[in-house]
*Asks:* 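Dropping the structure in here first, questions after.
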Amino acid sequence: MSKLSLPSNEKNCNADFCKVLLDLAEYEKNVTRNVHKYNAYKKAAVVLSTLDHKIQSGDEAKKLKGIGDKIAKKLDEFNETGKLKKLESINLNENVKSINILTRVSGIGPVKAADLVRSGIKTIEDLKNNEDKLNHHQRIGLKYFADFEKTIPRNEIQEIEVLIKTLVYKISKKFSVTICGSYRRGKAASGDIDALITHPKITLKQNRNKNEKYTLEKIVENLEGLVIDTISVGETKFMGVCILRGLPARRLDIRLIPLEQFYCAVLYFTGSDVFNKQMRAHALEKGFMLNEYSLRHIGVTGVPGEPVPISSEEDIFAYIDFPYKQPNERNY
DNA sequence: AATAGACATAT
DNA sequence: ATATGTC
């Protein structure tokens, strides 16, 4: 979903220290490549950001889930001195700065960034002079570096949605297209566009012997004019770039989903992450296993049974006895 | 102990 | 065929 952002609440009383934790998180992800420390710092930042008062001491913070001795100590240091020595020294390191810049290119992760920096490539300008060191995805990421950092206003996504529907309906009127993500949750702007597509003829059975008429490749061909670059296309997932008039280029993902799995996928890709976790936990309490593909009853043996037939998002809520939430009520 | 899986690329 | 990297 999104990068390093907190559930954007109006007033975060602990914003300063949260920023410190997020910087530490970024460092652990990009430089030391310790995902678990990265997640730990992020979790702590999220917990602090949801408080309605400014935290006064490490001891007080330790009561919160996700904050232990180490972060408590850092909080005390930050409250006393207004900074964190560990972070100060990290930020002085030029290689760290370079790695953090390069990982902002789509397709360049921590490993590739470190590799580039080791060979003396440290800036976006350097990348432009060394395209031969990049694979296809990374070249696209570089080409649209500035555009991809811009958010996409809601009205623009609405326009793209209409266009995608118009173009795929030319193949078959029976296609169903849903743009998910934060757009579906009603947000004013999004980071990218995530379109889910299904069709009555695209089912688990027919998908096996491949329905030549309704492939993702065919769909993408029909999006000519809108889609201007392809990062990757497989049988189920397209990753690429689209553009409207003279506006910035936008990241577009399209997934082709078998009909039986469509609503579970729509639910999952609409999020938010937090909402999904809540809903999956609730499903478990009711004896169901919910994931991106299906809702299945869990028997006494603990083994999930056959997927429950689902023909709408509402069905999923109803089966697990969870009050229906409109997409715009799922922001967490 | 910590999210999972599609796709690209290298070997 | 498998491992690695990224999303």
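None of these values were measured; they are calculated from a predicted model. Numbers restart at 1 for each chain; the letters A, B, ... are given by sequence-line order, proteins then strands.
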*Asks:* What's the CG-P distance between L290(A) and dA4(B), to the nearest Å?
*Replies:*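 These atoms are roughly 15 Å apart.
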
*Asks:* Please report the distance, rounded to the nearest Å, between CZ in R255(A) and C1' in dC7(C).
*Replies:*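 Nearest whole value for this atom pair: 9 Å.
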
*Asks:* Do D126(A) and T123(A) have side-chain atoms, one donor and one acceptor, less than 3.5 Å apart?
*Replies:*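 Note: D126(A) and T123(A) side chains meet the donor-acceptor criterion.
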
*Asks:* Has K165(A) got more than 12 heavy atoms of other residues, nucleotides or ligands less than 6.0 Å from its NZ?
*Replies:* yes

*Asks:* Below 3.5 Å between N/O atoms, which protein atoms pair up with nucleotides 7-11 of chain B? Just atom names and distances, please.
*Replies:*
unit_1: dC7(B); atom_1: OP1; unit_2: E235(A); atom_2: N; d: 3.4
unit_1: dC7(B); atom_1: OP1; unit_2: T236(A); atom_2: N; d: 3.0
unit_1: dC7(B); atom_1: OP1; unit_2: T236(A); atom_2: OG1; d: 3.0
unit_1: dC7(B); atom_1: OP1; unit_2: K237(A); atom_2: N; d: 2.7
unit_1: dA8(B); atom_1: OP1; unit_2: V233(A); atom_2: N; d: 3.2

*Asks:* By nearest atom, which of the nucleotides dT3(B), dA6(B), dT6(C) is closest to the N39(A) side chain?
*Replies:*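 Selected nucleotide: dT3(B).
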
*Asks:* Taking the six-membered ring of F78(A) as reference, does the cationic atom of K74(A) (NZ for Lys, CZ for Arg) lie under 6.0 Å from its centre and within 45° of its axis?
*Replies:* no

*Asks:* Rounded to whole angstrom units, what separation is found between the CD1 atom of I257(A) and the P atom of dA6(B)?
*Replies:* 11 Å

*Asks:* Please report, rounded to the nearest Å, how far the P atom of dA4(B) is from the CG atom of D253(A).
*Replies:*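 In whole Å, dA4(B) P lies 20 Å from D253(A) CG.
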
*Asks:* dT3(B) and dT6(C): how far apart are their C1' atoms, nearest whole angstrom?
*Replies:*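 Approximately 15 Å lies between the C1' atom of dT3(B) and that of dT6(C).
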
*Asks:* Base, sugar-phosphate, or nothing: which does R280(A) touch, judged by heavy atoms less than 4.0 Å apart?
*Replies:*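 Counting heavy atoms under 4.0 Å across all strands, no contact is made by R280(A).
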
*Asks:* Do we see a donor-acceptor contact under 3.5 Å between the side chains of S182(A) and S190(A)?
*Replies:*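 Judged by distance alone, the side chains do pair up.
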
*Asks:* Can you tell me the distance, in whole Å, between the NZ atom of K277(A) and the P atom of dT3(B)?
*Replies:* 7 Å

*Asks:* Taking the same atom, P, in dA2(B) and in dC7(C), what whole-Å distance lies between them?
*Replies:* 23 Å

*Asks:* Using whole Å, what does the distance between atom C1' of nucleotide dG5(B) and atom CG of D194(A) come to?
*Replies:* 14 Å

*Asks:* Distance check needed: dT6(C) P versus L116(A) CG, whole Å only.
*Replies:* 10 Å

*Asks:* Taking the nucleotide of DNA chain B with the closest heavy atom to each, which residue, E292(A) or K37(A), is nearer the 5' end?
*Replies:*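 In this pair, the answer is K37(A).
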
*Asks:* What is the distance, to the nearest angstrom, from the CE atom on M289(A) to the P atom on dT3(B)?
*Replies:*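 To the nearest whole Å, that distance equals 16 Å.
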
*Asks:* Is a salt bridge present between E313(A) and R330(A), judged by a nitrogen-to-oxygen distance below 4.0 Å?
*Replies:*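 Here E313(A) pairs with R330(A) in a salt bridge, since their nearest N and O are under 4.0 Å apart.
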
*Asks:* If you measure from the Lys or Arg side-chain nitrogens to the Asp or Glu carboxylate oxygens, is any gap between D115(A) and R118(A) under 4.0 Å?
*Replies:* yes

*Asks:* If you check every side-chain atom of Y268(A), which of dT6(C), dT3(B), dC7(C) has the closest atom?
*Replies:* dT3(B)

*Asks:* State whether K277(A) and D273(A) are salt-bridged, where the test is any N-O pair (Lys NZ or Arg NE/NH1/NH2 against Asp/Glu carboxylate O) under 4.0 Å.
*Replies:* no

